[in-house]
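Here is the structure we will look at, set down as C-alpha cells.
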2 protein chains.
Amino acid sequence: MISHTEEDYLKALFRLVSGKQGKQEAGTNALADLLSLKPASVNNMLKKLRKKELIDYEKYGKISFTDKGRQIALLVVRKHRLWETFLVDKLGFSWDRVHDIAEQLEHIRSDELVEKLDWFLGHPEYDPHGDPIPRSDGSTPTTPSAVLSSMQKGDVCKVMMVKDTSAAFLQYLERLSIHVGTCVSVMDKVSFDNSLVIEVDGKHHTVSQKVADNLYVSYC
Amino acid sequence: MISHTEEDYLKALFRLVSGKQGKQEAGTNALADLLSLKPASVNNMLKKLRKKELIDYEKYGKISFTDKGRQIALLVVRKHRLWETFLVDKLGFSWDRVHDIAEQLEHIRSDELVEKLDWFLGHPEYDPHGDPIPRSDGSTPTTPSAVLSSMQKGDVCKVMMVKDTSAAFLQYLERLSIHVGTCVSVMDKVSFDNSLVIEVDGKHHTVSQKVADNLYVSYC
DNA sequence: AAGTATTGTTAGATATATCTAACTTTTATA
DNA sequence: TATAAAAGTTAGATATATCTAACAATACTT
Ligand SMILES: [Mn+2]
Ligand SMILES: [Mn+2]
Ligand SMILES: [Mn+2]
Ligand SMILES: [Mn+2]
C-alpha cells in the first residue's frame, strides 16, 4: 500500500526527472525544495521508497524511478490532471483555483473511478493548463516545444501550454485574456530586454521575457 | 485543522447519536465497534476531540456533540452523500460501489468545491440510497418513517430509502429491480415469519422480514 | 591539490494514530 | 447487596512522517 505522502514524493520526483533536459535522476535537496520539506525528511523517505522498490538510489547517489515507481507516479499525474479538467470543464472553476483541490483528489484510490472520470470528460488529452494527461497504458500525448519568447516579429501562434501554473501567473494571463488555445500575434520584439509586444483579441500588450518563457506555443 | 481520522470519528458519532430513538449520546465501545477500532484507540481520540471542543465528554461518561462538532459532522455527511450522488448520477456507478469511494472523497477540503458540486448535481435532496443530504445551512430534508415490513396485504408503496447500505444488500435489491423510487405492491403477508410476497415491475418475489425492515417506504 | 561550498546523512526529538495487556469504574444479576 | 459482566481507562509499544542540529561526503574554485 502506498500512502498519500509517498505518492507526493513520487510525483515530485517525476517532475524533476521528466524535465526536457533529459535528466533521468534527481537529488535529495532538489526534492526537499520542491516539496517544501527538509533534506533529512526526504532522506528518510528515500529509504522507504527504495525498500518498496519504487526508486533506485544508493547513499550519496542520485535518485531514479524503478518501472513500478514510474508507473505509480504516472497514475498520480493522470489523476491530478483529469480532476483539474473536471473542476474547470464541469464545475466551472477558474484555472487558477484547481491545483490545490486536485492535489487532494489525485490520491483517491479507485481504478474504476479514474476510468469512468476519463470517460465522463470525453478522454481529454490535455488539462486546463495544457499539460498532457498520461494515458492508462502509460503513454503521454505530445507536448509543444516552442516557447513564445522564441517567436519573431510577425509570427502568429497559438498558446498550447502554460509552464508556471502558479495562481499568480494564471491570474495575470486571465487579465490578458490568454488561455490555452488563444491566438497570439507578435507585433514587436524589444531587443534590449527581449520583451514582446503581442496582440490578443485585438488588444496590444507588452509582456516580459519571463512571461514569454512560460508560454508554450505552436505556429498557426 | 481537523484530520481525516477525526472527521471519521465525528461521522461515526453522528451515526450513533442521530438514531431515530432520540439518543443524543454514545459510548466508547459503540464507537470502537462502528469504526472497527479498539476502545483504547477511541478513548485516546476522545480526549483530543474534547480538547478541540468538538465533543462533550468526561471520564466514564457519555459522548455528545458540541455545536462546532455537529456542524463538522454534518458537513462530512453532506460531502459523502453529494459525492455518492455524483458517482451514480454522473459517472454511472452502481449504487453498491460508491460507498468506499465516497468514504475517501468526503474528506476533500474546499468549501467552493462542495457548493459547486451541489450546483452541478442540481441541489439533490437525497443520495442514491435515499439518505437525506444535509443542506449547507445545517438543516436536513425529511425522511420517511414507515418501513415495508409495516405494510399490509394490498398496500401499494414507493421505496424511499434503504437502511442497510452494505454492498451485499444493495446487490440483492438490484436483482429484485428495487431502487429508490420503485413501486412495490404487497400481495401477501405470511404471519408465521412476517415475510412478504411483493410485486415489483410485474414480477412476484418473497422477501424476509429482515429485508422488509430495511426498506423505508411511503404510501402512493 | 587544498580549501570551501554544496549536497547528503545520521541521531534524536516531536506529533499522530494505532495496538495489547492490565487495570478501574459502572451496570446488571443472582 | 455481593458478585460477575460490561464498559471504559491507562501505560507502554509500534508505525509513520516530520523536524533540528551535528556530521560526512562530494563537487567546485582558486
Ligand atoms: Mn497531493
Ligand atoms: Mn495542471
Ligand atoms: Mn472517511
Ligand atoms: Mn449513501
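The basis for the numbers below is simple: all heavy atoms, side chains too, and nothing from hydrogens, waters or symmetry mates. Keep in mind it's a predicted model, so treat the numbers as computed, not measured. Here is how names work: the chains are called A, B, and so on, in the same order as the sequence lines, proteins then strands, and each is numbered from 1.
Between the CG atom of Leu46(A) and the C1' atom of dT9(C) there is a distance of 11 Å, rounded to whole Å. Between Leu34(A) atom CG and dT7(C) atom P there is a gap of 15 Å when expressed in whole angstrom units. The separation between Arg50(B) atom CZ and dT9(D) atom C1' is 12 Å, rounded to whole Å. Atom OH of Tyr57(A) and atom P of dG8(C) are 9 Å apart (whole Å). The distance between atom CE of Met1(B) and atom P of dT16(C), rounded to the nearest whole Å, is 14 Å. As rounded to whole Å, 15 Å separates atom P of dT9(D) from atom CG of Leu37(B). When the C1' atom of dT9(C) is taken as reference, atom CG of Leu31(A) falls 15 Å away, rounded to whole Å. With rounding to whole Å, Asp8(A) atom CG is found 12 Å from dA17(D) atom C1'.
Ranking dT9(D), dT10(C), dA17(D) by closeness to the Thr5(A) side chain, first place goes to dA17(D). Here dA17(C) is the nucleotide among dT10(D), dA17(C), dT24(C) with the atom lying nearest to any side-chain atom of Met45(B).
The side chain of Thr28(A) contributes an N or O atom lying less than 4.0 Å from OP1 or OP2 of dT9(C). An OP1 or OP2 oxygen of dT10(D) is reached within less than 4.0 angstrom by a side-chain nitrogen or oxygen of Lys47(B). Look at Tyr9(A) and you'll find a side-chain N or O under 4.0 angstrom from OP1 or OP2 of dT18(D). Lys62(A) has a side-chain polar atom (N or O) that falls below the 4.0 Å cut-off from OP1 or OP2 of dG8(C). In this model, the phosphate group of dG8(D) is not approached by any side-chain N or O of Asn43(B) to a distance below 4.0 Å at OP1 or OP2. Not one side-chain nitrogen or oxygen of Tyr60(A) sits closer than 4.0 Å to the OP1 or OP2 atom of dT10(C). The side chain of Lys38(B) places no N or O atom within less than 4.0 Å of a non-bridging phosphate oxygen (OP1 or OP2) of dA21(C). For dA17(C), the OP1/OP2 oxygens have no side-chain nitrogen or oxygen of Asn44(B) closer than 4.0 Å. Neither OP1 nor OP2 of dA15(D) sits under 4.0 Å from any side-chain N or O of Lys48(A). Between dG8(D) and Asn29(B), a contact under 4.0 Å exists linking OP1 or OP2 to a side-chain N or O. Phosphate contact (OP1/OP2 of dT16(D), side-chain N/O of Ser3(A), threshold under 4.0 Å): absent.
In this structure, His4(A) and Glu58(B) both approach DNA chain D, and ranking their closest nucleotides by distance from the 5' end singles out Glu58(B).
With respect to the salt-bridge test (charged N to carboxylate O, under 4.0 angstrom), the residues Glu125(B) and Arg135(B) qualify. The pair Arg78(B)-Asp118(B) meets the salt-bridge criterion, with a side-chain N (NZ, NE, NH1 or NH2) lying under 4.0 Å from an Asp/Glu carboxylate O. Contact check on Lys11(B) versus Glu103(B) returns a salt bridge, with a Lys/Arg side-chain nitrogen under 4.0 Å from an Asp/Glu carboxylate oxygen.
Between the side chain of Gln209(B) and the backbone N or O of Ser149(B), no donor-acceptor pair lies under 3.5 Å. Although no hydrogens or angles enter the test, the distance criterion places no donor-acceptor pair under 3.5 Å between the side chain of His129(B) and the main chain of Met161(B).
For the pair Lys90(A) and Phe120(A), the cation sits on the ring face: its NZ or CZ lies under 6.0 Å from the ring centre, inside 45° of the axis.
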